Each structure stands twice: as C-alpha cells, then as structure tokens.
Amino acid sequence: MRRVTKVVLVLIMTWLAIPTAFCQNGNSSLDHRHSVRIGWGDMLSETVIFRPSLSGEWVTPDALPENYRHDETFDFGYTGHIFAEYQYSVSKVTSLGIQADLEGIFWKKGTFDRYHNLISPATKVRNWDLDLLFTARFTYFDRPWVRLYSGLGVGALFAFDNQGEFGIAPAINLNLIGAEVGKGPWGGSLELGALNAAANTRAIYQFFTRIFSFSVYYKW
C-alpha cells in the first residue's frame with residue numbers, strides 16, 4: 001500500500017509540474033490557458049447493478065416455517081457523479097489536467113420474517129467511489145461560442161464504505177464527445193462518455209457509468 005501511495009504521489013507531482021514547464025516555453029497567444037470546472041453525471045449503470053434484492057413477501061406466508069428468515073437489501077440511493085477538474089491548455093488543440101470524481105451509493109440491509117416484518121435493526125451501508133484521473137482533451141472544432149472536443153482520463157479508483165471495506169482499481173474515462181458553450185471566462189459543457197474501473201473480472205467497480213454529464217467552467 002505504501003509503494004502504491006508513493007507512485008501515485010510522484011505521478012501527481014509530475015503531472016502538476018507540466019503546466020509550469022509550458023508556461024515558460026509555451027505559446028503566449030492563448031488568452032485562457034487555465035480552466036476549472038465542476039459538474040454532475042448520471043449513474044444509470046449503478047442503478048441497474050445495485051438494486052434491491054428480491055422481496056421476501058409471499059402469497060401464503062403461513063405455509064412457511066415459523067422460524068423462516070430472509071435477508072434483504074433495500075432503500076437504495078444514488079448521489080450521481082460529482083466531479084471537479086483543472087486543465088491547462090498546451091495549445092489551442094490540446095489541454096492536460098487532473099480530475100476528481102466522487103459517487104455515493106447508499107442502501108440498507110436487514111432480516112425479515114415470513115410475514116415480511118423487519119426483525120433486526122436495519123444496517124445502513126454507505127459506499128463511496130473516488131476516481132482520480134489524469135486527463136487529456138483534444139479540441140477539433142473551435143468557434144467563438146462553441147467548441148467540440150474529445151478526451152481521455154486515466155488513473156485509479158478508491159472504493160470505501162462505512163463497513164470497513166476498501167479497494168483500489170485502475171480507472172479509465174472515455175470522453176467520446178463534448179460540447180463547450182460560452183464566450184469569455186464563464187461557460188458550460190455537455191459530454192457523452194463512459195467511466196470504467198475494475199481490478200479484475202470479479203471486482204468491477206464501474207462499468208460504462210457517467211454516460212451523460214454537464215458542468216460549468218471558469219477560465220483565466
């Protein structure tokens with residue numbers, strides 16, 4: 001774990017040093033080299049994967065043994081993807097940056113009797129996924145009010161919950177197409193993409209999530 005932490009810190013420091021190097025030798029004709037943005041994206045795939053378990057309500061519960069017990073997960077909630085990003089424009093076409101994406105999935109679990117009465121205290125599970133990504137963006141259509149771009153994000157996902165579970169997995173975000181609208185320092189953007197993170201076939205944390213997202217930005 002310490003070795004992984006050291007590698008991540010070195011990569012972050014190296015990545016953050018890139019803008020400084022380009023500031024010294026880059027093209028000074030660009031008006032707004034720096035930009036920050038915050039946004040929100042959907043969790044459509046999570047709502048399909050993380051769903052309440054089959055209910056233990058039966059048509060004829062009296063036919064079941066008196067000591068019948070059934071464990072269920074229920075009352076699911078989703079935050080959506082909340083993300084923030086900093087980018088530095090290397091040129092009018094290419095920009096590099098770093099992005100943090102956080103999502104939360106919440107649910108309860110408990111034991112029910114044959115009449116579907118909760119007979120144990122409901123346990124609240126709070127699961128969080130944090131993606132830290134190095135990003136690159138390529139703008140192929142640039143007009144005063146509209147810009148179209150695609151990009152890529154590569155990094156790691158850190159999964160943790162209030163039950164003491166923790167996991168790390170490689171993460172990749174495919175920014176298939178984005179549209180940025182605005183003139184001047186303020187504006188907004190819409191994106192179509194796919195965020196994925198998996199340690200192996202048995203530990204898939206994210207799969208084609210954050211398909212649609214929107215954000216607001218500020219440039220200087």
Side-chain angles (χ1 to χ4, degrees), residues 4-5 8 12 35-55 71-87 97-110 118 121-135 137 149-182 186-218:
V4 173
T5 303
V8 171
I12 292 175
S35 68
V36 292
R37 65 173 180 144
I38 56 174
W40 183 92
D42 70 272
M43 290 176 63
L44 294 177
S45 64
E46 285 86 346
T47 60
V48 174
I49 298 172
F50 296 92
R51 297 181 59 84
S53 56
L54 293 177
S55 174
D71 295 327
E72 294 185 23
T73 55
F74 53 98
D75 287 354
F76 276 71
Y78 314 89
T79 63
H81 287 272
I82 303 169
F83 61 92
E85 183 177 24
Y86 165 80
Q87 286 219 332
I98 187 168
Q99 181 180 124
D101 179 287
L102 180 68
E103 68 170 358
I105 308 173
F106 315 135
W107 67 89
K108 297 178 183 178
K109 59 182 180 179
L118 183 63
T123 301
K124 296 181 179 180
V125 181
R126 300 289 182 264
N127 182 84
W128 299 93
D129 292 328
L130 173 63
D131 294 90
L132 297 179
L133 304 168
F134 300 130
T135 60
R137 178 188 293 185
Y149 59 88
S150 295
L152 179 69
V154 178
L157 172 141
F158 302 86
F160 52 95
D161 61 27
N162 62 342
Q163 306 298 304
E165 297 293 331
F166 180 78
I168 302 177
I172 182 171
N173 183 45
L174 304 175
N175 186 349
L176 303 178
I177 183 171
E180 190 176 83
V181 179
W186 291 96
S189 61
L190 296 172
E191 293 181 356
L192 174 66
L195 178 58
N196 304 272
N200 51 59
T201 56
R202 294 184 177 181
I204 300 175
Y205 295 95
Q206 295 171 331
F207 181 72
F208 271 73
T209 185
R210 212 176 94 180
I211 301 174
F212 302 100
S213 64
F214 64 90
S215 60
V216 293
Y217 68 79
Y218 176 76

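Not measured: the values here are computed from a predicted model. For the single chain, residues carry numbers from 1 onward in sequence order.
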When rounded to the nearest 0.5 Å, the distance separating CG of Leu157 from CD1 of Ile172 is 13.5 Å
CD of Gln99 to CG of Asn173, rounded to nearest 0.5 Å, is 6.0 Å
Checklist line | Thr79 side chain vs Gly104 backbone, donor-acceptor pair below 3.5 Å | finding: yes
Item to complete: Determine whether Trp128 and Phe106 make a side-chain contact, defined as any pair of heavy atoms from C-beta on separated by less than 4.5 Å.
Response: yes
- Message: Are Glu103 and Arg210 packed together at the side-chain level, in the sense that at least one heavy-atom pair is separated by less than 4.5 angstrom?
- Response: no
Next on the checklist: I'd like to check Val154 versus Phe134 (side-chain heavy atoms, cut-off strictly below 4.5 Å). Are they in contact?
Outcome noted: no
Between the OG atom in Ser213 and the CG atom in Leu192, the distance rounded to the nearest 0.5 Å is 8.5 Å
Item checked: Tyr149 side chain to Asn175 backbone, donor-acceptor under 3.5 Å -> no
With a 4.5 Å cut-off on side-chain heavy atoms, are Glu72 and Ser55 touching? yes
Polar side-chain atom of Asp129 near backbone of Ala159 as donor-acceptor pair, under 3.5 Å:
no
Interatomic distance, CD@Gln163 vs OG1@Thr123, rounded to 0.5 Å, equals 6.5 Å
Ring pair (Phe, Tyr, Trp, His ring centres under 6.0 Å) filter on Phe74, not counting sequence neighbours, yields Phe112
query = Is a side-chain N or O of Asp42 found less than 3.5 angstrom from the main chain of Ile211, in a donor-acceptor match?
reply = yes
All heavy atoms of Ala169 vs all of Ala199, minimum pair found to be CB-N, 3.5 Å
Shortest non-hydrogen pair, Ile38 vs Ala84, comes out as CG2-CB, 4.1 Å
The complete set of ring-ring contact (aromatic ring centres under 6.0 Å, His included) pairs with one or both residues in residues 186-206, sequence neighbours excluded, reads Trp186-Tyr218
Heavy-atom closest pair (Arg51 atom, Thr47 atom, distance to 0.1 Å) is CG-O, 2.9 Å
- Query: Is the side chain of Ser189 donor-acceptor paired with the backbone N or O of Ala179 at a distance under 3.5 Å, no angle test?
  - Reply: no
**Q.** Close side-chain approach of Trp107 and Asn127, heavy atoms under 4.5 Å
**A.** yes
Report yes or no: does Asp75 contribute a side-chain atom to a donor-acceptor pair with the main-chain N or O of Lys108 at less than 3.5 Å?
-> no
(Q) I'd like to know if the side chain of Thr209 reaches the main chain of Ser45, judged simply by a donor and an acceptor atom lying under 3.5 Å from each other, with no hydrogens or angles considered. (A) no
Salt bridge (charged side-chain N to carboxylate O under 4.0 Å, His left out) filter on Glu191, not counting sequence neighbours, yields Arg37
So Phe214 and Trp40, would you call those rings parallel, tilted or perpendicular, with 30° and 60° as cut-offs? tilted
CG (Leu152) and CG (Leu133) are apart, to the nearest 0.5 Å, by 9.0 Å
Would a distance-only check, ignoring hydrogens and angles, find a side-chain to backbone donor-acceptor pair under 3.5 Å from Asp101 to His81?
no
Between the OG1 atom in Thr135 and the CD1 atom in Ile98, the distance rounded to the nearest 0.5 Å is 8.0 Å
